[in-house]
Number of protein chains: 2
Amino acid sequence: MQLRRHDVLAGAITILDEYGLADLTMRRLASSLGVQPGALYWHFPNKQTLLAAITDEILTEAATPPTLMPPTPMPSTPMPHSSTADNAAWDVALAALARRMRDALLSHRDGAEVASASYAARLASDAPQEALAAACIDGGMPPHEAGMAARALFSYILGQTMDEQSRMQMDSHGALEESASPLFESPTAGEGFEFGLGLFIGGVRALPTARDLQLP
Amino acid sequence: MQLRRHDVLAGAITILDEYGLADLTMRRLASSLGVQPGALYWHFPNKQTLLAAITDEILTEAATPPTLMPPTPMPSTPMPHSSTADNAAWDVALAALARRMRDALLSHRDGAEVASASYAARLASDAPQEALAAACIDGGMPPHEAGMAARALFSYILGQTMDEQSRMQMDSHGALEESASPLFESPTAGEGFEFGLGLFIGGVRALPTARDLQLP
DNA sequence: ACCTGAACACCGTTCAAGT
DNA sequence: ACCTGAACACCGTTCAAGT
């Protein structure tokens with residue numbers, strides 16, 4: 001049976017989920033696929049690129065909602081409120097997108113760390129940021145600002161989720177802590193993310209006002 | 001001449017600035033200090049801890065402003081507006097703190113990446129987040145929310161700065177790009193950071209209002 | 001086209017033994 | 001207390017040669 005690019009990717013994700021990023025080595029991946037290490041380099045030029053492919057696999061689906069198959073168009077029933085071109089619930093859509101990305105990262109061990117490394121190496125797809133930017137544009141933001149807002153929100157999603165995930169790993173791996181100054185009370189799972197997301201969206205909502213004011 | 005912990009740290013930062021994180025190996029650091037690799041392990045238990053010490057060195061100073069030596073107390077001149085206990089310019093202070101942290105990270109090659117790794121490993125000091133939280137409390141936020149806001153803002157600072165820094169490195173290392181979809185127009189240096197910071201602070205400012213509304 | 005065999009040039013970490 | 005010498009157990013990557 002010949003090895004296909006997709007098999008390498010799937011094998012890598014399996015090792016990631018089961019043993020974590022530290023144990024995801026090219027040699028270990030090769031032996032789990034019953035192949036010599038060098039064989040992997042026919043399918044991927046290097047490890048960084050393989051990690052970026054994992055990142056895309058994890059996030060790209062979250063960035064493109066299932067297109068919500070219009071539930072078999074019932075031509076007789078007129079949709080209420082569906083005629084306005086401008087999406088009134090842009091904030092709901094933006095928040096939903098952000099949560100989908102967080103969930104996708106959390107659904108794989110060390111997912112946020114892998115993604116962070118891939119984006120730092122500038123090898124992963126910009127689809128997630130573009131999806132966020134599109135939601136901002138739906139909210140009436142000019143494209144340039146939407147791009148910046150999307151990048152800012154995505155930075156937050158990656159960083160915050162990485163933080164949560166490393167906290168999880170520390171907790172499961174024999175937690176002791178609650179030491180000296182635990183930065184006040186640690187928020188429960190997801191509370192911190194939701195709070196930061198709320199701040200961000202509140203900031204976007206306040207933007208038209210802020211433009212007249214003086215930003216600090 | 002005996003090696004001291006501080007010398008190891010200084011040597012590591014020198015290699016980081018000159019050659020980058022990829023070239024900062026324990027063996028290379030040892031030979032630059034004229035010592036065997038094993039010697040480093042008397043001063044630091046492992047490489048991760050050394051990297052965390054670098055992170056603290058880079059960020060702790062930025063988190064604790066120079067205390068603004070009260071310019072030789074002139075007891076005769078009464079300070080105008082200085083009697084209010086509540087800091088009215090909390091947003092200015094918060095933004096200034098965030099900028100100091102960004103600047104500190106940018107002042108060392110791969111600084112944001114080193115910090116990101118250290119915080120992911122949960123080995124770096126929480127002083128930066130605590131400083132941000134204190135500024136939020138000065139703005140009237142309850143401690144629990146201030147902690148969450150500080151974590152969120154710090155995640156943003158780390159992520160966005162890492163993004164900028166990796167972009168810089170790509171630009172200097174033979175930039176081609178401006179390819180297919182450059183996520184609209186790339187912001188000029190610092191513009192992206194300021195915009196996201198403005199969103200975040202706008203969100204904090206809008207918090208009391210938002211608490212009555214329904215967050216999405 | 002896809003993979004093996006085998007090497008190259010490294011890593012981080014440990015630890016007895018020295019001074 | 002601080003470091004050497006030397007090893008252990010790995011890495012990612014390359015590349016002629018095979019099929």
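Proteins get letters first, then strands, A, B, ... in listed order; numbering begins at 1 in each.
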Rounded to whole angstrom, note down the P distance from dC10(C) over to dA9(D).
-> 22 Å
With a 4.5 Å cut-off on side-chain heavy atoms, are Gln169(A) and Arg109(A) touching?
yes
* Asked: Using a distance-only test with no angle check, is there a side-chain donor-acceptor pair under 3.5 angstrom linking Arg122(B) and Ser166(A)?
  -> yes
Close side-chain approach of Met162(A) and Tyr119(B), heavy atoms under 4.5 Å: no
| task | Please tell me if the side chains of Leu59(B) and Phe154(B) come closer than 4.5 Å, counting only heavy atoms from C-beta onward. | result | yes
Practice prompt. Ignoring hydrogens and angles, tell me if any N or O in the side chain of Asp23(B) forms a donor-acceptor pair with the backbone of Gly20(B) under 3.5 Å.
Written response: no
The residue, Arg28(A) or Gln2(B), whose nearest nucleotide of DNA chain D is more 5′ is Gln2(B)
The dot-bracket string of DNA chain D, counting Watson-Crick and G-U wobble pairs with both distances under 3.5 Å, using [ ] for crossing pairs and | for pairs to another strand, is ||.|||||...|||||.||
ask   = Under 30°, 30 to 60°, or over 60°: which ring-plane class applies to Tyr156(A) and Phe193(A), parallel, tilted or perpendicular?
value = parallel
Practice prompt. Could you tell me whether Arg151(A) sits above the aromatic face of Phe195(B), with NZ or CZ closer than 6.0 angstrom to the six-membered ring centre and within 45 degrees of the axis?
Written response: no
Counted 5' to 3', the first and last nucleotides of DNA chain C within 4.0 Å (strictly under) of a heavy-atom of chain A are dA1(C) to dA7(C)
Does either side chain, that of His144(A) or that of Glu191(B), offer a donor lying less than 3.5 Å from an acceptor on the other one?
yes
Between Arg27(A) and Val35(A), the residue closer to the 5' end of DNA chain C by nearest nucleotide is Val35(A)
